[in-house]
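Accompanying notes for the structure given below.
For clarity, every value in this text was computed on a predicted model and none was experimentally measured. In what follows, every chain begins at residue 1, and chains take the letters A, B, ... in the order their sequences are listed.
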Amino acid sequence: MARMKTIANIKDLRNYVGKEVTLQGWAYNVRSSGKIVFLLVRDGTGLCQCVVEKNERTESFFETVKKLPLESSLEITGVVRADERAEGGHELQVTGFKLVQASPEYPITPKAHGIEFLMKHRHLWFRSRRQHAILRIRHTLVDAIRRFFNDNGYINIDTPIFTPAAGEGVSTLFQVDYFGEPVYLAQTGQLYVEAACMAHGKVYCFGPTFRAEKSKTRRHLTEFWMVEPEIAFAELDEVIAVAEDFILSIKDRVLRDNRAELEFLGRDLKALENIQRPFVRLSYSDAVDLLHGDKARQLLEKDLNDKNVRLSQLEKELGTLVELQKSAAKQWEKDKAAQREIEIREDLEELREQLKNIPHHLELARNFEWGGDLGGSDETIISRLHDQPVFCTHYPRAVKAFYMKVNKDDPRLVNNFDLLAPEGFGEIIGGSQREDDYDMLLTKIKEENLPVEPYEWYLDLRRYGSVPHGGFGLGVERTLCWLCGLKHIREAIPYARMMGKIYP
RNA sequence: UCCCCGAUAGCUCAAUGGUAGAGCGUCCGGCUGUUAACCGGCAGGUUGUAGGUUCGAGUCCUACUCGGGGAGCCA
């Protein structure tokens with residue numbers, strides 16, 4: 001009587017309607033009603049409602065399923081059928097069940113949890129739908145990044161993570177003991193990839209990178225992933241054109257492959273679909289004018305006004321909720337009101353924080369002096385004044401790294417660019433044309449009081465067949481935040497490493 | 001490094017300086033179409049740590065630890 005069982009993935013169930021299949025997965029949720037149990041199973045590819053009715057066929061396991069602890073591992077067999085009432089449109093009429101392992105009580109319930117608790121259970125949080133969706137999109141993003149460069153003639157070059165002390169901003173690097181010698185975790189692969197660029201023409205490196213800055217914000221990680229292409233015989237405009245093609249390519253790929261996930265995350269798909277070439281090109285000097293101008297002021301004043309309106313709306317709703325909780329007859333009505341009240345209080349707190357900061361941001365923008373580096377709030381203003389990504393170019397030489405190419409026409413400037421993602425998501429790319437003139441590079445190394453000796457190999461690249469070249473670095477997590485509409489970067493990487501956080 | 005907020009049951013949160021509570025989860029019972037199901041019941045606590053004020057501290061004060069948000073700095 002033994003039959004071969006058909007193992008199916010939940011994402012493929014539509015191909016098995018009317019057939020008996022076996023799912024291998026975990027119990028995501030269980031609801032029961034006397035003689036019928038609805039078991040929501042996840043298998044990594046999707047969720048499927050499995051319906052167990054109490055009858056002779058299910059007798060041996062009905063009670064087990066009914067009392068199944070969440071996240072117990074299992075194999076479940078049944079006939080696939082289409083049903084509007086089921087999540088995903090298909091469900092399983094269960095005929096067989098095998099418990100692989102019964103879980104003890106699972107920490108993460110279908111109810112609300114705080115971020116501290118969830119981050120402590122990051123290893124289990126992966127199983128939740130939102131985190132599952134985000135990491136799937138990350139997978140697509142990483143693949144799209146490699147695809148773009150591989151398909152366009154770039155060679156992948158891995159750069160070292162242990163790097164010698166080069167004197168540059170050592171305080172922001174992690175020091176490691178390397179056989180008794182202090183070395184540092186790389187904060188960029190760029191200098192190394194430039195060398196490979198002179199061998200292969202078009203190259204890129206892609207790996208983790210480390211910053212020891214003591215920043216505790218929603219935009220910072222101490223360990224994050226960066227892809228850094230480098231192109232020979234390219235000046236600034238050409239590098240910018242590549243960055244534009246690249247961003248459009250990865251954006252389209254994620255929209256194509258992960259529409260369902262983006263929708264689940266509540267991402268405004270229109271906002272992504274509307275991203276088209278050409279992106280905005282804005283020089284640093286024009287950006288400074290923009291910050292000083294009426295538009296920036298009006299934006300912040302409108303923001304202030306909108307947020308105040310929102311604040312009073314929420315306060316009003318809060319009042320009615322408190323009344324509702326007193327008057328509601330049903331317990332569940334009270335619970336729902338209580339839950340909403342918590343949400344509103346969180347929103348209110350955030351709004352008040354933002355409102356407190358707006359005058360400060362206004363001040364920063366108005367008093368911004370030509371020559372300084374653009375701050376986070378300045379970038380937000382610039383990006384929100386445009387509906388396409390903004391290339392901000394030609395920063396003052398004094399605030400940028402020594403390897404950036406000095407501008408021919410205005411030696412106060414360098415040929416660099418940052419790309420600001422729309423909707424206020426901020427900087428996702430930093431890039432430049434590199435200084436290819438030996439004498440100028442040496443001058444700049446000395447200007448910054450850097451030791452020359454560790455850079456001899458780098459100077460060699462300008463001694464032997466120097467050519468105009470340039471590239472950029474894209475932060476994977478910040479890009480993912482933009483694509484997914486994430487408020488905090490900690491959700492954009494499987495194991496976030498942040499100041500003071502290393503578990504799990 | 002600085003500023004603001006927080007820490008109470010496994011989870012999310014209540015509690016004028018005066019007897020520590022609710023919902024969810026667990027456990028027990030009920031329910032054949034549930035969608036964070038629902039309904040009834042039981043159990044569940046050294047209120048982050050150490051001091052202090054007070055007749056009396058979850059609540060006030062001080063320090064510390066941890067967390068959240070922001071500033072600076074950065075990508």
Quickly work out the [X] [atom1] to [N] [atom2] distance and round it to whole Å.
X: A:Leu70; N: B:C24; atom1: CG; atom2: C1'; value: 12 Å
X: A:Lys120; N: B:G10; atom1: NZ; atom2: P; value: 12 Å
X: A:Ile36; N: B:G30; atom1: CD1; atom2: C1'; value: 16 Å
X: A:Phe38; N: B:C38; atom1: CZ; atom2: P; value: 14 Å
X: A:Leu68; N: B:U26; atom1: CG; atom2: C1'; value: 15 Å
X: A:Lys35; N: B:G30; atom1: NZ; atom2: C1'; value: 10 Å

Is there a Watson-Crick or G-U wobble partner for [N] with both distances under 3.5 Å, and if so, which one is it?
N: B:C60; answer: B:G52
N: B:G6; answer: B:C66
N: B:A15; answer: none
N: B:U1; answer: B:A71

If you look at every strand shown and take non-hydrogen atoms under 4.0 Å, does [X] touch a base, only sugar-phosphate, or nothing?
X: A:Glu91; answer: base
X: A:Gln49; answer: base
X: A:Arg130; answer: nothing
X: A:Thr188; answer: nothing

Under 30°, 30 to 60°, or over 60°: which ring-plane class applies to [X] and [Y], parallel, tilted or perpendicular?
X: A:His121; Y: A:Phe117; answer: tilted
X: A:Tyr395; Y: A:Tyr284; answer: tilted
X: A:Tyr154; Y: A:Phe148; answer: tilted
X: A:Phe368; Y: A:His292; answer: tilted

Practice task
Measure from the side chain of A:Phe117, starting at C-beta and using heavy atoms only, and say which of B:C28, B:A36, B:U12 lies closest.
Solution key: B:U12
Practice task
Please name the residue in the list A:Tyr204, A:Phe279, A:Phe149 that meets the ring pair (Phe, Tyr, Trp, His ring centres under 6.0 Å) test with A:Phe246.
Solution key: A:Phe149
Problem - Aromatic ring proximity, centroids under 6.0 angstrom, A:Tyr28 and A:Tyr106 - result: no
Fill in the blank from the handout: Going 5' to 3' through nucleotides 68-75 of chain B and flagging B where a protein heavy-atom sits under 4.0 Å of the base, S where only the sugar-phosphate is that close, and - otherwise, we get BSBSBBBB
